[in-house]
Amino acid sequence: GVKLAADHLVLVDVRLDGAVLATRTESFDALAADAIPRLLASLRSFLRTGATRLLGVGVGVPGVVARPDIGDVDADVLGWSAMPLGRDLRKEIGVPVLIENDVKALAVAERLYGLGRSRRSFVVVTVGRGVGFASVNNGVLDRGAHGGAGELGHVVVSNNGPQCACGQRGCLEAYVGAEGLVAAGRAAGLLRNGQGLDRLTKLADRGEAGARQVFARAGQRL
């Protein structure tokens with residue numbers, strides 16, 4: 001399994017029962033011209049140290065995937081538009097490959113191995129660089145007609161809000177995601193140049209009223 005982010009990737013060797021046998025985290029530049037060849041090189045290197053019988057590869061990405069079995073990816077945060085990731089990996093690795101939105105993949109994992117085993121219907125919400133959402137209804141993941149069901153982060157909450165990576169203004173993600181929180185912290189005079197979310201979080205954990213208010217407003221919007 002591979003979890004892709006804009007600046008790093010995580011590789012795991014996992015059994016069908018969900019047991020993780022090995023894991024590796026590496027730096028990664030999704031915007032680089034050679035991003036896919038570098039991904040393939042990392043995957044091949046990891047496979048040489050892993051299971052002797054490889055049944056398939058699953059890749060979680062922070063974007064929209066219309067069909068996991070085809071694996072074309074649209075991801076603003078990665079700078080990818082109709083990236084044929086599934087085709088490229090299948091051609092080079094020669095085993096079944098599934099590509100899925102990372103939060104939808106997380107929801108499936110919860111349904112199979114986690115808290116979702118005791119719930120037929122539930123939602124998963126993640127907040128980090130962006131805002132992710134997935135829903136399982138009566139035991140089935142809701143993907144929508146083209147894989148974009150639940151893109152909560154790109155619901156417009158203010159028509160005159162800040163610019164979002166998707167091109168719209170005032171998306172929830174522009175307020176609640178990491179960059180939005182840092183922008184709010186700078187606007188409040190809490191952060192200097194070069195300081196980011198870690199500093200804002202430390203201030204809030206110490207009880208600094210302004211920092212706590214930044215997170216409170218973001219929580220209210222969410």
- For Val108, side chain to side chain contact (heavy atoms under 4.5 Å, CB included) partners two or more places apart: Leu112, Leu141
- Within residues 87-110 or reaching into it, pairs that qualify as side chain to side chain donor-acceptor pair (under 3.5 Å) - sequence neighbours excluded: Arg44-Glu92, Glu100-Arg143
- Message: Please enumerate all residues that pass side chain to side chain contact (heavy atoms under 4.5 Å, CB included) together with Val157, with sequence neighbours excluded.
- Response: Leu172, Tyr175, Arg221
- Contacts of Arg169 meeting salt bridge (Lys or Arg N to Asp or Glu O under 4.0 Å) (sequence neighbours excluded), chain-then-number -> none
- Item | Those residues that, when tested against Arg129, pass side-chain hydrogen bond (donor to acceptor under 3.5 Å, both in side chains) (two or more places apart) | none
- Query: Which heavy-atom pair separates Gly63 from Ala75 by the least distance, and what is that distance?
  - Reply: CA-CB, 3.8 Å
- Message: If I compare all heavy atoms of Glu173 with all of Val131, which pair ends up nearest, and what's the gap?
- Response: OE1-N, 3.2 Å
- Other cluster members, Leu16 - Ile/Leu/Val/Met/Phe/Trp/Tyr, side-chain contacts below 4.5 Å: Leu55
- Note on the structure: So the side chain to side chain donor-acceptor pair (under 3.5 Å) pairs with at least one residue in residues 29-41 (sequence neighbours excluded) are Asp34-Arg38
- Query: Minimum heavy-atom separation for Arg111 to Gly139, with atom names?
  - Reply: NE-CA, 3.6 Å
- Item | Over all atoms of both residues, closest heavy-atom pair of Gly153 and Cys171 | O-CB, 3.4 Å
Side chains of residues 191-205: which donor-acceptor pairs under 3.5 Å do they make with residues two or more places apart or in other chains?
| residue | atom | partner | partner atom | Å |
| --- | --- | --- | --- | --- |
| Gln195 | OE1 | Arg192 | N | 2.8 |
| Thr201 | OG1 | Leu197 | O | 2.8 |

- Might you point out which heavy atoms bring Leu181 and Phe215 nearest each other, and give the distance in Å? CD1-CE2, 3.8 Å
- The side chain to side chain contact (heavy atoms under 4.5 Å, CB included) partners of Arg15 (sequence neighbours excluded) come to Asp17, Ala19, Leu21
- Message: Restricting to non-hydrogen atoms, name the atom on Ile99 and the atom on Val73 that form the minimum distance, rounded to 0.1 Å.
- Response: CG2-CG2, 3.8 Å
- Task: Could you note down all residue pairs passing side chain to side chain donor-acceptor pair (under 3.5 Å) where residues 63-78 supplies at least one of them, sequence neighbours left out?
- Result: Arg67-Asp69
- Message: Checking Ser135 now: which residues fulfil side-chain hydrogen bond (donor to acceptor under 3.5 Å, both in side chains) with it, not counting sequence neighbours?
- Response: none
- Does Ala109 have any side chain to side chain contact (heavy atoms under 4.5 Å, CB included) partners at least two apart in sequence or in another chain, and if so, which? none
